[in-house]
Amino acid sequence: MQKTVSYSTNKTRTFDLILKSMCIALVFVATLLLNIKLPITANGGLVHLGTAMLFIVSILFGPKTGAIAGAFGMGLFDLVSGWTLWAPISFVSRGLQGYIVGKIAWSNGHNGNSIAFNLLATIVSMPPMIAVYYIGEGILYGNWIAPAASIPGDLVQNILGLIICIPVCAFLKKIPAFK
């Protein structure tokens, strides 16, 4: 028996593919074009607006899209900008962070509409993201003390992302397309 796929199913799949692709591109571009290397230490980190975009995508579209956009968007940034060794770490860390933000923001039927849940989601996602980067950097450098120098930069980047994303999401959620 042949399986048939309806036109509306194909249309939904196509829209989902386009949406995820655009979200990956938004995270990538926000990371690539709006970044500052921190002068803390040689491995002090990078502060960029990709984190804010990752939070926005996760809150607006949920955990799956947030995970995919974070993992591929920031992983791709690492590949094309000279941070190639960091790409697998970013893929895991930012994919996990996007999933956590989306999962909490979309829990209990909130669908990203609760400012309190959105704030909680971004805050809860920070320690796992920092932990994955810490472990990854520890493995890369063979040293478990040096990665501590990156923690302040990671915190600044996440707090900046939180400060930007909460009002942006509150505004966007008032637009019918994002309700």
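Computation of the quantities below employed the complete heavy-atom set of this structure, encompassing side-chain atoms and omitting hydrogens, waters and symmetry-equivalent molecules.
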- Is there a donor-acceptor pair under 3.5 Å between the side chain of Asn118 and the backbone N or O of Gly112? yes
- Message: List the residues meeting side-chain contact (heavy atoms from CB on, under 4.5 Å) with Asp78, not counting sequence neighbours, and say none if there are none.
- Response: Trp83, Trp86, Ala87, Ser90
- Item | Phe178 CZ to Asn113 CG distance, which is reported to the nearest 0.5 Å | 12.5 Å
- Task: Measure the spacing between CG of Leu49 and CG of Leu160 and express it to the nearest 0.5 Å.
- Result: 5.5 Å
- Message: With a 4.5 Å cut-off on side-chain heavy atoms, are Tyr133 and Ser150 touching?
- Response: no
- Task: Could you tell me the separation between the OG1 atom of Thr31 and the CG atom of Leu26, rounded to the nearest 0.5 Å?
- Result: 10.5 Å
- Query: Got a sec, which residues hit side-chain contact (heavy atoms from CB on, under 4.5 Å) with Leu76, two or more places apart in sequence or on another chain?
  - Reply: Phe28, Val80
- Task: Please list all pairs passing the side chain to side chain donor-acceptor pair (under 3.5 Å) test where one or both residues lie in residues 163-174, with sequence neighbours left out.
- Result: none
- Does Ile151 share a hydrophobic cluster with Ile123, counting links as ILVMFWY side-chain heavy atoms below 4.5 Å and allowing steps through other members? no
- Between Cys165 and Ile59 the two heavy atoms that sit nearest each other are SG-CD1, 4.0 Å
- Of all the heavy-atom pairs spanning Ile115 and Ile166, show the shortest one and how long it is. CG2-CG2, 3.9 Å
- Message: Which heavy atom of Lys103 sits nearest to which heavy atom of Pro63, and what is that distance?
- Response: N-CB, 3.5 Å
- Query: Could you give the distance from CD1 (Ile175) to CG (Leu60), rounded to the nearest 0.5 Å?
  - Reply: 9.0 Å
- Which heavy-atom pair separates Gly66 from Leu54 by the least distance, and what is that distance? O-CD1, 3.3 Å
- Under the ring-ring contact (aromatic ring centres under 6.0 Å, His included) test, residues paired with Phe117 that sit two or more places apart: His110
- With sequence neighbours excluded, residues passing side-chain contact (heavy atoms from CB on, under 4.5 Å) with Ile163: Ile159
- Task: For atom CG of Leu33, decide whether the heavy atoms of other residues, nucleotides or ligands shown that lie under 6.0 angstrom number more than 12.
- Result: yes
- Task: With sequence neighbours excluded, give me every side chain to side chain donor-acceptor pair (under 3.5 Å) pair touching residues 52-71.
- Result: Lys20-Thr65
- Query: Honestly curious: do Leu120 and Ile130 fall in one hydrophobic cluster under the side-chain, below-4.5 Å linking rule?
  - Reply: yes
- Query: Tracing side-chain links under 4.5 Å among I, L, V, M, F, W and Y, which residues wind up in one group with Met22?
  - Reply: Ile18
- Query: Is there a side-chain contact between Leu140 and Ile89 (heavy atoms, below 4.5 Å)?
  - Reply: yes
- Query: Among the clusters formed by ILVMFWY side chains lying less than 4.5 Å apart, do Val57 and Phe171 turn up in the same one?
  - Reply: yes
Kindly list each side-chain donor-acceptor pair under 3.5 angstrom involving residues 92-102, sequence neighbours excluded, with atom names and distances?
unit_1 : atom_1 : unit_2 : atom_2 : d
Ser93  : OG     : Met129 : O      : 3.2
Arg94  : NH1    : Thr51  : OG1    : 3.0
Arg94  : NH1    : Gln97  : OE1    : 2.9
Arg94  : NH2    : Thr51  : OG1    : 3.4
Arg94  : NH2    : Gln157 : OE1    : 2.2
Gln97  : NE2    : Ser125 : OG     : 3.3
Gln97  : NE2    : Asn158 : OD1    : 2.7

- Taking all non-hydrogen atoms of both residues into account, name the closest pair between Ile56 and Cys169 and its distance. CA-SG, 3.7 Å
- Cluster question for you: counting only ILVMFWY and a side-chain heavy-atom cut-off of under 4.5 Å, with indirect links fine, are Leu155 and Ile135 together? yes
- Item | Results of side-chain contact (heavy atoms from CB on, under 4.5 Å) for Phe91 - residues two or more places apart only | Ala71, Phe72
- Query: What closest approach, in Å, do Ala148 and Tyr134 show between heavy atoms, and which atom pair accounts for it?
  - Reply: N-CE1, 3.7 Å
- Message: Let me check something: do Val29 and Ile24 share a hydrophobic cluster, defined by ILVMFWY side-chain heavy atoms less than 4.5 Å apart, either directly or through other members?
- Response: no
